[in-house]
Amino acid sequence: MTASLDTTLDRRQWLQFALAGSLGAALNPALAQAGYPSKAIRLVIPFTPGGSADILGRAIGHELTLAWGQSVVPENIAGAGGSIGADRVAKAAPDGHTLLMGHVGTLAITPGLYPRLPYDPVKSFTPIAWVARVPNVLVVHPSLPVKDLASFIAYARANPGRINYSSGGNGSAAHMTMAYLAQQTGLDMQHVPYKGTAPAVNDLVAGQVQALFTGVPAVLAQLRAGQIKALAVSSPQRVAVVPEVPAVAETVRGFEADQWYGVVGPAGMRAELVARINAQINAALKSPAILERLQAEGAQPMPSSPAVFGQLIAKDLARWGKVIKDSHMTL
C-alpha cells in the first residue's frame, strides 16, 4: 500500500479523510491538546477476546499506557460483524479518550453487508493510525489435484461448482477474499460458511471442504504439519513467515486482499490530537515487544500517516462494496 491517492477513489471520500487526518500528520505532536490524556482511554475492540484484533489492540494499549502513564483500557464489544462496538465509538465524544481498534471487516466490509448501519464508515470516524496488515493464504486439501494457483484456477474452471471452500462465516474476510479471487478469475465455487475460523480450518484438514483463503496465523500449524497445502498469499509480495509461497499477484495481476487493523476515533477530533496519537502508535510499532507480537500473529507493522490510513479505508470500502454487490451477497 502506497501513500499515493488511488484515482478510482470517490473524491468526496478522500476530501473527508484528508481533512480529518493529513493536516494532523504534518503538525508537531508536541502541540497536541493540552493535558491529553487526562483520564483513562477506552479502546473498544469490536470482537470477542482471543482473536487478532483483541491481541493487537491489547498490545498497542499496553505500549500507550507505558508511554503516557495513563491507562488504556481494552473493552470487547462484539456483535453484528463489529458494528455494535463501532457504533459506540462513533457516538462518543471526539476528545481522544474513546478509540476503536478497527478492522477491514468493521470499516470496509460490514457497511456493504449491513446497509442500515447506525453509523457512516467515512463520516462517523477519524482515521488515526494503520497498525498492521495480515496476509491471507489460499490453502487446499492435499487430495485436490492441483500444485499451484494456476492449476487451481484451471481445475476450478474445468469443474464449475465442484470446489467447496470454507470460511469463518458469511461476510467474513475469508469469504470476501475467496469471492474476490473468484470474481477476478471467473471461477464458480461453493461457499460453506462456519461459525468461526477454527471449524472452517478443521473441516478443511478433514477433507470435508477443499479450499480456504484465510489469515496466515490460522493455518500455520496445519501447513507446517503437512495437513494442508498452501498455494498463494494475498499480499502484493511474498511474506516472511511462508517465504516459499508465491503471491496471487504473480499469477493474477494486481490482486491484493490482505486483512488490516488500525485505530480510529469519533468524527471531529482535533488534527493536533490525531497527530499525537498517530505518532505514539507509530513509535509503539517499532518496539521489540510489539514487533514480537506482530510476528507471532503473522502480521506486518504499518506505521504511516492518518491520511494514508484514510486512503486505505476508502479504497477497500469501494472495493469490497463492489465485490458484495457483484456477488449478490446478503446476510
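For the single chain, residues carry numbers from 1 onward in sequence order. Since this is a predicted model, take the numbers as computed values, not measurements.
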Between [Y] and [X], is there a side-chain heavy-atom distance shorter than 4.5 Å?
X: D54; Y: P74; answer: no
X: I228; Y: V205; answer: yes
X: M302; Y: V308; answer: no
X: F152; Y: T185; answer: no
X: P266; Y: K91; answer: no
X: V104; Y: W320; answer: yes
X: N164; Y: Q210; answer: yes
X: I324; Y: M176; answer: yes

- Might you work through the side chain to side chain contact (heavy atoms under 4.5 Å, CB included) test for I313 and V264, ending with a clear yes or no? CA-CA 11 Å; I313 296 170; V264 300; 4.2 Å; yes
Straight-line distance of [X] [atom1] to [Y] [atom2], nearest 0.5 Å:
X: E256; Y: N136; atom1: CD; atom2: CG; value: 11.0 Å
X: Q183; Y: M178; atom1: CD; atom2: CE; value: 13.0 Å
X: L64; Y: L43; atom1: CG; atom2: CG; value: 8.0 Å
X: T126; Y: R270; atom1: OG1; atom2: CZ; value: 13.0 Å
X: I153; Y: L187; atom1: CD1; atom2: CG; value: 6.0 Å
X: N278; Y: N282; atom1: CG; atom2: CG; value: 4.5 Å

Common cluster, [X]/[Y], ILVMFWY with side-chain heavy-atom separation under 4.5 Å:
X: F125; Y: Y114; answer: yes
X: V131; Y: V241; answer: no
X: M269; Y: W68; answer: yes
X: V192; Y: V219; answer: yes
X: F47; Y: L100; answer: no

More than 12 heavy atoms of other groups within 6.0 Å of [X] [atom1]:
X: Q70; atom1: CD; result: yes
X: K322; atom1: NZ; result: no
X: R88; atom1: CZ; result: no
X: E292; atom1: CD; result: no
X: R157; atom1: CZ; result: yes

What are the two closest heavy atoms between [X] and [Y], and how far apart are they?
X: A249; Y: F255; value: CB-O, 3.7 Å
X: I60; Y: L285; value: CD1-CD2, 3.9 Å
X: R319; Y: D316; value: NH2-OD1, 2.8 Å
X: S143; Y: H141; value: OG-ND1, 2.7 Å
X: L212; Y: A174; value: CD1-CB, 4.3 Å
X: V201; Y: A218; value: CG2-O, 4.0 Å

- Query: So does R293 pair up with E63, basic N to acidic O under 4.0 Å?
  - Reply: no
- Query: Which one of T214, T177, D258 satisfies the side chain to side chain donor-acceptor pair (under 3.5 Å) criterion with S234?
  - Reply: D258
Determine yes or no for a side-chain-to-main-chain donor-acceptor pair under 3.5 angstrom, with [X] supplying the side chain and [Y] the backbone.
X: S71; Y: A40; answer: no
X: H97; Y: S38; answer: yes
X: K229; Y: V146; answer: yes
X: R276; Y: Y36; answer: yes

- Message: Evaluate Y180 against S327 for side chain to side chain contact (heavy atoms under 4.5 Å, CB included), listing each step before the verdict.
- Response: CA-CA 9 Å; Y180 183 48; S327 298; over 6 Å; no
- Query: Taking the six-membered ring for Trp, are H175 and H191 parallel (under 30°), tilted (30 to 60°) or perpendicular (over 60°)?
  - Reply: parallel
- Query: Would you call the rings of W130 and F309 parallel, tilted or perpendicular if under 30° counts as parallel and over 60° as perpendicular?
  - Reply: parallel
- Query: Where do N202 and Y194 land on the side chain to side chain contact (heavy atoms under 4.5 Å, CB included) test, with the steps shown first?
  - Reply: CA-CA 10 Å; N202 291 341; Y194 288 77; over 6 Å; no
- Message: Pair L138, V248 - check side chain to side chain contact (heavy atoms under 4.5 Å, CB included), show working.
- Response: CA-CA 9 Å; L138 174 60; V248 174; 5.7 Å; no
